[in-house]
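First comes the structure, then the notes that go with it.
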Amino acid sequence: AWPKKAQAPPPRRPRRRRKKAQKKRWEVLELDEMWTFVARKPRKVWRWLAVERARRCIVAWVLGERSAATALRLWQALPHRYRRHCWYFTDLLPAYAQVLPRWQHRPCPKGEGQTSIVEAVTCSLRQRCGVLVRKSCSFSKSLEMHQARSKIVINRYNIILN
């Protein structure tokens, strides 16, 4: 009997690689509020800012009082991607604790430096727009004009960065 020819194994199909589990990159937002006034000094208006730490750009902002209702409006103004995998560094204002998810919120005292970027952005905005300066002769007479001026300054600030 003749030895049988060794048959070649069937051709292998290309092996599919497993998809790597996508690493979820946690972003960092710094939140803070600054005050200005509309029409006269006793009529304070608070501007709440959310600044992305890595790019130093303003992600969301709202005008209002210094209350949990305005903090909720800031939370709703955030783009959806910043609500999931994100740490929120804030000062010790209780309004943030009422609105932000507890496991993502990182309250810190002023001297720690965790909100230094949002403070720097606030200073830059005050230098660029006379309406935002506290001791100034220029001011907005109506809230609508104050909001319009703020929008222009913030859009210019973000364009300069990009």
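Computed from a predicted structure; not experimentally measured. What you see below is based on every heavy atom in this structure, not just the backbone, and it leaves out hydrogens, waters and symmetry mates.
The backbone N or O of E33 lies less than 3.5 Å from no partner atom in the side chain of R66, so there is not a single donor-acceptor pair. Formation of a donor-acceptor pair under 3.5 Å by the T70 side chain with backbone atoms of E65 is found in this model. Using a distance-only test at 3.5 Å, with no hydrogens or angles considered, a donor-acceptor pair links the side chain of Q104 to the main chain of R84. Using modelled atom types, one side-chain atom of R106 and one backbone atom of W103 make a donor-acceptor pair closer than 3.5 Å.
Atom CG of L63 and atom CG of L74 lie 11.0 Å apart (nearest 0.5 Å). Taking CZ of R55 as the reference point, atom CD1 of I117 lies at 12.5 Å (rounded to 0.5 Å). F89 CZ to E112 CD: the interatomic distance, rounded to the nearest 0.5 Å, is 8.5 Å. Here S150 contributes atom OG and L125 contributes atom CG; the two are 8.5 Å apart, rounded to the nearest 0.5 Å.
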Test log, rule side-chain contact (heavy atoms from CB on, under 4.5 Å), inputs V28 and C86: CA-CA 5 Å; V28 175; C86 199; 5.9 Å; no
Should V118 and L31 be marked as a side-chain contact (heavy atoms from CB on, under 4.5 Å) after you check the CA-CA gap, both sets of side-chain angles, and the distance that decides it? CA-CA 7 Å; V118 73; L31 287 77; over 6 Å; no
Between D32 and V121, is a side-chain contact (heavy atoms from CB on, under 4.5 Å) present by the stated rule, with each step listed? CA-CA 10 Å; D32 198 25; V121 169; over 6 Å; no
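With sequence neighbours left out, R73 forms a salt bridge (Lys or Arg N to Asp or Glu O under 4.0 Å) with no residue at all. With sequence neighbours excluded, the residues that form a ring pair (Phe, Tyr, Trp, His ring centres under 6.0 Å) with Y96 are W48. Partners of Q114 under the side chain to side chain donor-acceptor pair (under 3.5 Å) rule, at least two apart in sequence or in another chain, are R53. In terms of the side-chain contact (heavy atoms from CB on, under 4.5 Å) criterion, S116 has no residue partners (sequence neighbours excluded).
Residues W35 and V45 have side chains not in contact (no heavy-atom distance under 4.5 Å, counting atoms from C-beta outward). Side-chain contact between C57 and V51: absent, with no pair of heavy atoms (C-beta onward) separated by less than 4.5 Å. Residues E27 and R81 are in side-chain contact: their nearest non-hydrogen atoms beyond the backbone lie under 4.5 Å apart. Residues L29 and L78 are in side-chain contact: their nearest non-hydrogen atoms beyond the backbone lie under 4.5 Å apart.
Cluster membership for I154 and L143, using ILVMFWY side-chain heavy atoms within less than 4.5 angstrom, is shared.
Within the structure, the ring-ring contact (aromatic ring centres under 6.0 Å, His included) test picks out no pair touching residues 109-129 (sequence neighbours left out). Residue pairs satisfying the side chain to side chain donor-acceptor pair (under 3.5 Å) criterion with at least one member in residues 86-95, sequence neighbours excluded, are listed as follows: T90-H105.
Among M34, R47, Q127, the one residue that satisfies the side-chain contact (heavy atoms from CB on, under 4.5 Å) test with T122 is M34.
Ion pairing between E119 and K110 holds under the 4.0 Å rule for side-chain N and carboxylate O.
Minimum heavy-atom separation, A77 to A60: O-CB, 3.7 Å.
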